[in-house]
Amino acid sequence: MTIFLIFISWISFSFYFFYIYRFQKKNIFFNSSVLVFLFFLIYYSFPILFNIFFSSNYSYDYRLKNLNITNKENFYLSLNIFIGCMGFLVSLIFIKIKNILYKDYILSRDYLLILLIILFFLSLIKIYFLNFGNIEFTNRAEVYLFAREMSLGNRLLNKFVNIGILYIQIIFLFKIFQYYSSKKLIIWFFIFLYLLNLYLNFNVYTQRSEIFMQITVIIIAYNLFVNNLSIRSMLFITISLFFILISWGSIREGGEFLNFATINKLGEFDMIYANFIDLYRDKPSEISLKTKFYDFYGFIPSFLLWFEKSSLSIWFLQNYHLDYYALGGGYGFGILSESIYGFGFIETFFRTFILSLILNYLYKKYLESMSNYYEVFYIILFITAPQSIRNTSFSFMVEFIQFGLIINFVIFILKKII
């Protein structure tokens with residue numbers, strides 16, 4: 001029954017995709033609601049299938065091996081997945097999707113120049129104010145622990161500069177493809193430079209999420225502005241990227257790159273799965289309001305608040321895996337984990353239902369808008385929207401609002417100066 005529910009859930013995603021595809025065609029690949037629905041199924045259904053068919057390959061110290069998940073627990077999770085999919089599907093009744101097959105853009109070389117200026121100054125700040133010596137990290141946990149132990153001022157500056165650089169790079173990538181859409185030679189030369197830079201600065205332990213964000217935006221921008229990619233091509237690219245992502249995680253644990261035999265665990269996907277099981281077995285009796293509603297105030301800088309911020313992912317580690325938290329580790333949280341301490345199936349349905357409504361509405365506004373400022377907001381939304389699955393339902397709002405406002409404000413000031 002578990003496998004059947006997962007199968008039906010993927011069928012529902014196909015219906016959701018092709019229903020919207022009728023109206024948006026190539027634009028659908030930039031629709032954050034479709035991306036979130038896809039992530040929802042990947043993050044929750046794949047670990048169940050691996051657990052059913054490959055659990056005998058788990059190492060003795062692996063988290064899922066120690067949990068020894070039962071068929072009943074897998075069925076309960078698969079039922080949550082199915083109900084979450086119904087939330088996405090029912091939202092289609094309330095979404096007014098227009099036929100928008102072409103979108104106008106404002107092309108400006110000055111805009112590209114402004115992005116480069118911002119990137120240059122942020123890089124200078126990183127070099128001169130965030131230079132902590134030749135520190136080499138051997139795993140992701142060490143990076144998080146190092147950042148967590150900084151002073152508040154350095155932590156805020158580090159977050160603003162590093163995330164700001166990442167978002168400006170992504171926006172610049174998107175705008176380059178947009179501006180030179182008719183000059184494929186320039187586009188392919190730029191892709192070559194990007195890959196060369198990636199090769200020269202590659203770090204297997206600290207860059208996976210950032211690189212996948214950039215590559216995703218490159219693929220989306222290429223499809224939108226340079227050459228339309230077929231559904232079959234996008235499916236092939238998605239499967240390939242997923243395999244590379246899992247293979248990359250395998251390397252971190254001593255496996256071999258692009259080797260099926262060494263891939264028997266799903267890393268982050270398994271951890272989100274395990275979070276759900278932890279909470280299912282030991283449901284928390286009480287969670288503070290500031291933790292529950294972190295998504296709705298997290299964009300406010302810490303120094304403006306009279307209390308310490310507390311997210312669900314941190315709360316979970318401190319209450320369920322304190323030893324791992326002390327080492328700098330993180331497990332994320334998960335949208336279905338939120339339902340466990342809430343109203344169960346009802347909450348699962350309404351979380352995905354509301355998510356779909358909000359993301360489709362924001363994308364519709366983007367398609368109708370010609371504002372570069374709104375485009376900045378939407379690009380940040382698109383790359384952070386999957387956080388709603390791997391972290392909490394509306395966690396994307398924090399950086400969507402925070403960095404959207406900051407980046408647009410800086411762009412506005414530089415435009416006036418130029």
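Residues take their numbers from the sequence shown, with the count starting at 1. Only a predicted model underlies this, so the values are computations on that prediction, with no experimental measurement involved.
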Residue pair Ser91 / Leu357: nearest heavy atoms and the distance that separates them: O-CD2, 3.8 Å
Atom pairs and distances, side-chain donor-acceptor, residues 114-125, under 3.5 Å, sequence neighbours left out:
residue	atom	partner	partner atom	Å
Ser123	OG	Leu119	O	2.8

Partners passing salt bridge (charged side-chain N to carboxylate O under 4.0 Å, His left out) against Asp295 (at least two apart in sequence or in another chain): none
Distance-only side-chain donor-acceptor flag, Asn27 / Asn31, under 3.5 Å: no
Aromatic plane relationship, Phe296 with Phe293 - under 30° parallel, 30 to 60° tilted, over 60° perpendicular: tilted
Distance-only polar pair, side chains of Ser108 and Asp110, donor-acceptor under 3.5 Å: no
With sequence neighbours excluded, residues passing side-chain contact (heavy atoms from CB on, under 4.5 Å) with Ile11: Phe7
Pairs flagged by salt bridge (Lys or Arg N to Asp or Glu O under 4.0 Å) wherever residues 347-356 is involved - sequence neighbours left out: Glu338-Arg351, Glu347-Arg351
Minimum-distance pair of heavy atoms, taken over all atoms of Phe333 and Leu312: CD1-O, 3.8 Å
Aromatic ring proximity, centroids under 6.0 angstrom, Phe225 and Tyr179: no
Any donor-acceptor pair under 3.5 Å from Asn223 side chain to Ile219 backbone: no
Taking every non-hydrogen atom, the tightest pair across Ile340 and Tyr280: CG2-N, 4.0 Å
Ser313 side, atom OG; Asn391 side, atom CG - distance, nearest 0.5 Å: 4.5 Å
Residue pairs, two or more places apart or on separate chains, that pass salt bridge (Lys or Arg N to Asp or Glu O under 4.0 Å) and touch residues 162-176: Lys175-Glu375
Pairs flagged by salt bridge (Lys or Arg N to Asp or Glu O under 4.0 Å) wherever residues 30-58 is involved - sequence neighbours left out: none
Donor on one side chain, acceptor on other, Asp270 and Tyr62, under 3.5 Å: yes
Set of side-chain contact (heavy atoms from CB on, under 4.5 Å) partners for Phe15, sequence neighbours left out: Leu89, Leu92
Partner of Phe46 under ring pair (Phe, Tyr, Trp, His ring centres under 6.0 Å), chosen from Phe242, Phe39, Phe54: Phe242
More than 12 heavy atoms from other groups under 6.0 Å of CZ on Phe172: yes
Distance (rounded to the nearest 0.5 Å) between Tyr16 OH and Leu41 CG: 11.5 Å
Show me the donor-acceptor pairs within less than 3.5 Å that the side chains of residues 376-390 make with the rest of the protein, sequence neighbours left out.
residue	atom	partner	partner atom	Å
Tyr378	OH	Phe30	O	2.7
Tyr378	OH	Ser32	N	3.0
Tyr378	OH	Ser32	OG	3.4
Thr384	OG1	Ile380	O	2.7
Thr384	OG1	Leu381	O	3.3
Ser388	OG	Ala385	O	2.7
Arg390	NE	Tyr43	OH	3.2
Arg390	NE	Glu268	OE2	2.5
Arg390	NH2	Glu268	OE1	3.1
Arg390	NH2	Glu268	OE2	2.7

Residue pairs involving residues 66-76 (criterion salt bridge (Lys or Arg N to Asp or Glu O under 4.0 Å); sequence neighbours excluded): Glu73-Arg281
Nearest heavy-atom neighbours spanning Ser78 and Leu5: OG-CD1, 3.5 Å
Smallest separation among heavy atoms of Ser45 and Ile6, with atom names: CB-CG2, 3.6 Å
Residue of the set Tyr44, Phe37, Phe40 for which ring pair (Phe, Tyr, Trp, His ring centres under 6.0 Å) holds with Phe13: Phe37
Atom CG of Asn197 with >12 non-hydrogen neighbours under 6.0 angstrom: yes
Mutual orientation of the aromatic rings belonging to Phe396 and Phe394 [parallel < 30°, tilted 30-60°, perpendicular > 60°]: tilted
Phe345 side chain near Asn80 side chain, heavy-atom distance below 4.5 Å: yes
Nearest-0.5 Å distance, CD1 of residue Ile81 to OH of residue Tyr76: 12.0 Å
Donor-acceptor side-chain pairing of Thr2 and Asn74 below 3.5 angstrom: no
Contacts of Ser371 that satisfy side-chain contact (heavy atoms from CB on, under 4.5 Å) - sequence neighbours left out: Ser369, Tyr373, Tyr374
Within-4.5 Å side-chain heavy-atom neighbours: Phe212 and Leu245: yes
Exercise: do Asn275 and Ser337 side chains pair donor with acceptor under 3.5 Å: no
Ring-ring centroid check Phe50 Phe53, cutoff 6.0 Å: no
Heavy atoms from other residues, nucleotides or ligands near CZ of Phe343 exceed 12 (cutoff 6.0 Å): no
side-chain hydrogen bond (donor to acceptor under 3.5 Å, both in side chains) contacts touching residues 400-418 (sequence neighbours left out): Lys159-Gln402
Least distance between heavy atoms, Pro284 atom then Leu279 atom: CD-CD2, 3.8 Å
Ring centers of Tyr222, Phe29 separated by less than 6.0 Å: no
Backbone N/O of Leu229 and side chain of Ser233: donor-acceptor pair under 3.5 Å: no
Side-chain heavy atoms of Arg63 within contact of His321, under 4.5 Å: yes
Geometric class of the Tyr21/Phe18 ring pair [parallel <30°, tilted 30-60°, perpendicular >60°]: perpendicular
Side chain to side chain donor-acceptor pair (under 3.5 Å) partners for Asp282, two or more places apart: none
